[in-house]
Amino acid sequence: MHETVIPVSPDWAEGALINRARYEEMYAQSIADPEGFWRDVAKRIDWIKPFTKVKDVSYDPADFRIRWFEDGTLNVSANCIDRHLAKHADKTAIFWEGDSPTEMRNITYQQLHDEVCRFANTLLAHGVKKGDRVTIYMPMIPEAAFAMLACTRIGAVHSVVFGGFSPDSLAGRIQDCGSTVVITADQGIRGGKTVPLKANTDLALTQCPDVKHVLVVKRTGAKVPMMAGRDVDYFEFAATMPTTCKPVEMGAEDPLFILYTSGSTGKPKGVLHTTGGYLVYTAFTHEVVFDYRPGDVYWCTADVGWVTGHSYLLYGPLANAATTVMFEGIPNYPNVSRFWEVIDKYKVSIFYTAPTAIRALMRDGEEPVKSTSRASLRLLGTVGEPINPEAWLWYHRVVGEERCPIVDTWWQTETGGILISPLPGATDLKPGSATKPLFGIKPELVDSNGNILEGAVSGNLVLADSWPGQMRSVYGDHQRFINTYFRTYKGKYFTGDGCRRDEDGYYWITGRVDDVINVAGHRLGTAEVESALVENTKVAEAAVVAYPHEVKGQAIYAYVTLKAGQPVTDTLADELKKFVAEHLSPIAKPDVILFTPALPKTRSGKIMRRILRKIAEGDTSNLGDTSTLADPSVVSELIERAKQTS
Ligand code: 6R9
């Protein structure tokens, strides 16, 4: 364990938006008087009709509700664009850096306004109304941002599906929320390779008869089939659209977007966020966590297909009139200095990325970093998974030259925004710890019976109260929302994460305690990967677990039993890996497939994943209690086979 402590530097203590005394004072106030605290914070947003009620929350399943600012009205796109125009019309809203370093666009707030209005008018012309769901399956190009903001302008609810998902995954998400309009591109381009987005959409739509219109944005210019009456060339159509469009007045609790995320069981859940609380929370946390100032150039490397891309690439920064960098490419194309070159090119001052990217770049040594200047940087951030102290220290020393504090931000799709994180001017840093709760956040550690654990201890992380950015429902299945998050521990939101608290009250997230796995910061359910495997006609049964991986954090280990008479050929493992990549996503491709005649099950038929995890980790010395196994000989057989495979 690293017990390194990196104290707040005198410069930061003096110059930061929030210093230690202020953090402590504000935190105490936010807990003592949440209504008063959030009433003040919410003033940063332009309300059409001001709210009178701040908070109405009950986590009791019998009387459940989560409402913030509920009688206020507002429009998100007006808050992210229109209200900045008087002062910042010519300020850059988005610096877009293409996959190739020769491609770039600089979009001012005025241009953002015009393009969003054009897009909004295009949606209206295709019959999209307030409350309708629009699925967005796009590469990282400005039109993805325009499309999202356009939805918010007219009160449509966007569901962004990451461009790396397969046609089947896209189809499931379109059907679940009942979108009748899909926005996509001809192709995406990442690391010099094209991604067949339109072709994937066409395949998905063979399962989605209700989709009436597909807006196709030209990215690479590849020739793609266009279905007459359904498919629309976006640029051709939008050219005829006006550049003004009245923002629709939305209730604070009206749905803003749906974003699908993996849970421990079943299909991915449509996490539903609403309008007022989400915008207040993302704007506020973007400012305080990143110590954001008007002159900053801020870069979050996340894809808009993930929640980080929603909250901290788009909505938080734009609500604060920031300049946000949007990057289409990958960290190692055309070379492994790309991140640092982009930082120099746009004079990025705040840089926010994932531990997996840092670990991958670390492997190439210090030279590719040191050959760049990075003089503009003043703050670094991480998100998505626990960061190991070694990677943290490298990021701090090599990338930030010990000048830039690192904010290790813990949060989830469900939480809408950051909940546990250092504030750079207030919190002494410990490599690997997300440190302290933000304002209004009451973390608690509980044991499996729900007893609250005090002091320096490990347990399950729960949150004892609500915050404005919290998700409000699972789309179409409100009971599932209540059951998943509020029934395990009475009166608390259960995060699904394990966590340790140290003597200084610092929080160290240890990872998921459920069947969610985190591969390179991407969240996947073991059940999703298993069901993709059993879709293959050769597979009888599959059990998937995660094991530690040097770069990706976790990797996927799949135990597979085949149907009777099905031989294990030399190519079968590769065939199944490819099958999962195509049917779910390349992210979900198992690293190891182990064929086995049987899986270890309890007498009631439950697969004992604990044992499978141990075998995958290569730690078979202590498998724990195996007495409930229906057939203990399965285990020794598995251990033998695992040795041969590794
Ligand atoms: C924002 C995002 C959420 C899960 C979460 C946890 C892990 C995220 C982390 C972290 C340790 C951090 N996680 N940030 N673990 N330290 N700073 O990633 O949302 O994709 O929903 O994943 O990611 O396990 O529960 P999401």
Side-chain angles (χ1 to χ4, degrees), residues 160 162 164-165 257-264 268-273 278 281-282 285-286 289 300-316 352-359 380-389 391-392 395 406-422 427 429-438 441 443 460-463 469-471 474 484-485 493-501 506-526 528 546 552-554 585 587-588:
V160 182
F162 174 57
F165 276 119
F257 67 81
I258 299 164
L259 185 56
Y260 287 86
T261 193
S262 302
S264 40
K269 295 183 281 276
V271 169
L272 181 78
H273 282 286
Y278 175 83
Y281 197 74
T282 53
T285 51
H286 172 257
V289 171
C300 163
T301 66
D303 193 285
V304 291
W306 308 112
V307 74
T308 308
H310 284 58
S311 301
Y312 297 110
L313 186 130
L314 214 58
Y315 291 117
Y352 189 34
T353 195
T356 186
I358 299 164
R359 286 192 298 264
L380 301 171
T382 69
V383 59
E385 50 178 321
I387 180 162
N388 47 311
W392 194 105
Y395 194 31
I406 298 177
V407 290
D408 173 353
T409 62
W410 174 84
W411 59 295
Q412 311 177 299
T413 306
E414 293 89 335
T415 71
I418 300 165
L419 301 193
I420 302 183
S421 169
T427 320
L429 305 173
K430 296 190 188 186
S433 171
T435 77
K436 300 269 198 162
L438 293 188
I441 305 305
N460 292 333
L461 179 63
V462 301
L463 301 163
Q470 179 169 29
M471 75 183 277
V474 169
T484 307
Y485 301 100
Y493 167 84
F494 178 41
T495 64
D497 277 320
C499 183
R500 176 170 76 86
R501 184 171 49 219
Y506 276 46
Y507 290 85
W508 301 70
I509 309 295
T510 48
R512 303 289 303 195
V513 294
D514 53 13
D515 289 325
V516 170
I517 53 189
N518 193 326
V519 179
H522 300 316
R523 201 169 141 177
L524 294 162
T526 50
E528 281 173 273
K552 296 193 276 189
Q554 291 191 320
S585 164
I587 302 162

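When a ligand or atom number is given, it counts from 1 through the structure's own listing order.
Residues forming a side chain to side chain contact (heavy atoms under 4.5 Å, CB included) with Ala391 (at least two apart in sequence, or on another chain): Ile358, Arg359, Met362, Ile387, Asn388. Judged as a side chain to side chain contact (heavy atoms under 4.5 Å, CB included), and not counting sequence neighbours, the contacts of Thr261 are Val271, Thr413, Glu414, Arg523.
Taking every heavy atom of Thr308 and a limit of under 4.0 angstrom, the matching atoms of ligand 1 come to 1 (C). Atoms of ligand 1 found under 4.0 Å from any heavy atom of Asn518 (numbered from 1 in listed order, with element): 7 (C), 23 (O). Near Thr413, meaning under 4.0 Å from any of its heavy atoms, are these atoms of ligand 1: 19 (O), 20 (O), 21 (O), 26 (P). Listed by number with element, the atoms of ligand 1 under 4.0 Å from a non-hydrogen atom of Asp497 are 5 (C), 6 (C), 24 (O), 25 (O). Every atom of ligand 1 with a heavy atom of Val383 under 4.0 Å away is listed here by number and element: 1 (C). Numbered from 1 in the order shown, with element, the atoms of ligand 1 that lie under 4.0 Å from a heavy atom of Asp408 read 12 (C), 16 (N), 17 (N).
Screening Ile258, Val474, Leu259 for a side chain to side chain contact (heavy atoms under 4.5 Å, CB included) with Lys269, the sole residue that qualifies is Val474.
By the 4.0 Å heavy-atom criterion, Gly511 is excluded from the residues contacting ligand 1. Residue Trp306 places every heavy atom at 4.0 Å or more from ligand 1.
Looking at atom 3 (C) of ligand 1, its nearest protein heavy atom turns out to be Trp411 O, 3.6 Å. For atom 18 (O) of ligand 1, the nearest non-hydrogen atom of the protein is Gly384 CA, 3.4 Å. Here the heavy atom of the protein found nearest to atom 16 (N) of ligand 1 is Glu385 O, 3.4 Å. Among protein heavy atoms, atom 22 (O) of ligand 1 sits closest to Arg523 CD, 3.5 Å. Of all protein heavy atoms, the one lying nearest to atom 11 (C) of ligand 1 is Pro386 N, 3.1 Å.
Atoms OH and CG, on Tyr493 and Leu419 in that order, are 8.0 Å from each other to the nearest 0.5 Å.
Side chains of Thr415 and Tyr281: no donor on one and acceptor on the other come within 3.5 Å. Judged by distance alone, the side chains of Thr353 and Thr301 do bring a donor and an acceptor atom under 3.5 Å apart. A donor-acceptor contact closer than 3.5 angstrom links the side chains of Thr409 and Tyr352.
Aromatic ring pairs are classed by plane angle as parallel below 30°, tilted from 30° to 60° and perpendicular above 60°; the pair Trp306 and Phe165 is perpendicular. Between Phe257 and Tyr278, the angle of the ring planes goes over 60°, which puts this pair in the perpendicular group of the 30/60° scheme.
Taking only nitrogen or oxygen atoms, main chain and side chain alike, Glu414 does not reach within less than 3.5 Å of ligand 1. Residue Thr409 places at least one N or O, backbone or side chain, under 3.5 Å from an N or O of ligand 1.
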Subject >> Stepwise side-chain contact (heavy atoms from CB on, under 4.5 Å) test for Ile420 and Leu461 >> reply: CA-CA 11 Å; Ile420 302 183; Leu461 179 63; 4.3 Å; yes

